[in-house]
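Order of the sequence lines sets the chain letters (A, B, ...), proteins ahead of strands, with each chain counted from 1. Keep in mind that this is a model prediction, so the values were computed, not measured.
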Number of protein chains: 2
Amino acid sequence: MIAPALTKNQSLVFDVLVRAEQPISAYTILDRLRDHGFRAPLQVYRALDKLTEAGLVHRLESLNAFVACAHRNASCCGGHSHGTVAFAICTGCGQADEFHDHEIDHRLTVWAKARNFRPEKTTIEIRGLCARCAA
Amino acid sequence: MIAPALTKNQSLVFDVLVRAEQPISAYTILDRLRDHGFRAPLQVYRALDKLTEAGLVHRLESLNAFVACAHRNASCCGGHSHGTVAFAICTGCGQADEFHDHEIDHRLTVWAKARNFRPEKTTIEIRGLCARCAA
DNA sequence: ATTCATTGCGTTATGCTATAACGTGTGGCA
DNA sequence: TGCCACACGTTATAGCATAACGCAATGAAT
Ligand SMILES: [Zn+2]
Ligand SMILES: [Zn+2]
Ligand SMILES: [Zn+2]
Ligand SMILES: [Zn+2]
């Protein structure tokens with residue numbers, strides 16, 4: 001992965017996401033960075049675009065929120081960048097658990113190949129209650 | 001499936017979705033129903049809530065759009081209502097292909113069971129180019 | 001028949017999410 | 001020097017979704 005160094009804004013946004021430890025919206029990020037000079041949504045969205053491109057951040061479609069990648073140091077599947085990532089999102093506490101399943105990945109690939117569908121980005125999100133919140 | 005008869009608004013919204021044959025946004029639905037007396041987004045969203053509850057309509061999280069269920073007459077998995085539905089969405093032409101894969105369903109269930117995670121709703125969406133648009 | 005709860009409906013206002021369009025400044029490079 | 005690519009800042013606007021109010025119809029239960 002040839003990742004260029006992060007710019008100042010990108011670092012600030014990434015830092016907020018890492019500290020959050022759970023998905024947060026772009027506007028929440030904006031609010032947390034007002035003291036650092038952020039004034040407009042675009043400053044956040046532009047940084048998020050680059051960070052997601054670089055694989056450092058994931059967007060959760062069912063939440064309209066963003067989360068720092070939990071597999072930054074995993075070597076599985078080349079830092080999971082070659083595989084599809086899935087999330088289990090607790091509607092109780094907001095925690096999002098990132099995981100990867102080869103077999104699911106494989107099945108989706110097979111489906112796509114059989115239909116000459118060329119996948120670009122795959123979203124897998126399970127919403128529900130985590131063990132603690134379901135108890 | 002004990003489905004109550006649709007109300008007038010619900011029928012109108014469902015009809016628009018069936019005719020569309022591809023995902024459309026709530027506001028697009030609203031525009032197409034202005035001649036039938038629709039004036040506000042809530043009229044659409046309330047109908048969509050009921051229709052998705054009833055399994056007649058699916059929401060595509062990565063598009064913020066809605067689509068009529070393509071499996072209304074399929075008996076697989078009890079009209080697929082017991083299984084998870086997946087979509088392949090073409091970013092070229094907008095077509096969304098609804099399908100179901102037992103194995104994926106199974107893997108997700110296994111993952112959840114192992115962690116005492118209680119799933120409520122699962123989203124699987126592959127975005128990419130369909131055979132025609134990729135050519 | 002009156003009461004009560006439920007459900008759908010209509011309207012206004014508001015909030016949240018995301019991008020368009022413009023201009024500035026900087027660093028690399030022919 | 002002129003050019004290009006890119007990050008950045010700002011204002012305005014577009015697009016998606018819900019809160020909160022009130023009314024009307026329905027269908028029990030008393
Ligand atoms: Zn990741
Ligand atoms: Zn939880
Ligand atoms: Zn369906
Ligand atoms: Zn296509």
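Within the structure, every pair that satisfies the ring pair (Phe, Tyr, Trp, His ring centres under 6.0 Å) test and touches residues 104-135 of chain A, not counting sequence neighbours, is listed here: Trp111(A)-Phe99(B). Pairs engaging residues 46-64 of chain A under the salt bridge (Lys or Arg N to Asp or Glu O under 4.0 Å) rule: Arg59(A)-Glu61(A), Glu61(A)-Lys121(A) [sequence neighbours left out]. For residues 28-50 of chain A, no residue pair satisfies the ring pair (Phe, Tyr, Trp, His ring centres under 6.0 Å) rule, not counting sequence neighbours. Residue pairs meeting the salt bridge (Lys or Arg N to Asp or Glu O under 4.0 Å) criterion with at least one member in residues 17-38 of chain A, sequence neighbours excluded, are Asp15(A)-Arg19(A), Asp31(A)-Arg34(A).
Through direct or indirect side-chain contacts shorter than 4.5 Å among Ile, Leu, Val, Met, Phe, Trp and Tyr, Leu129(B) is connected to no other residue.
In this structure, the side-chain contact (heavy atoms from CB on, under 4.5 Å) partners of Thr52(B), at least two apart in sequence or on a different chain, are Val57(B). Among residues two or more places apart in sequence or in another chain, the salt bridge (charged side-chain N to carboxylate O under 4.0 Å, His left out) test is passed with Arg107(B) by Asp101(A).
Taking a heavy-atom distance under 4.0 Å as the criterion, the stretch of DNA chain C touched by chain A extends 5' to 3' from dT17(C) to dA21(C).
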Once base and sugar-phosphate atoms are separated, protein heavy atoms under 4.0 Å mark nucleotides 7-19 of chain D, 5' to 3', with B, S and - as SBBBB----BBBB
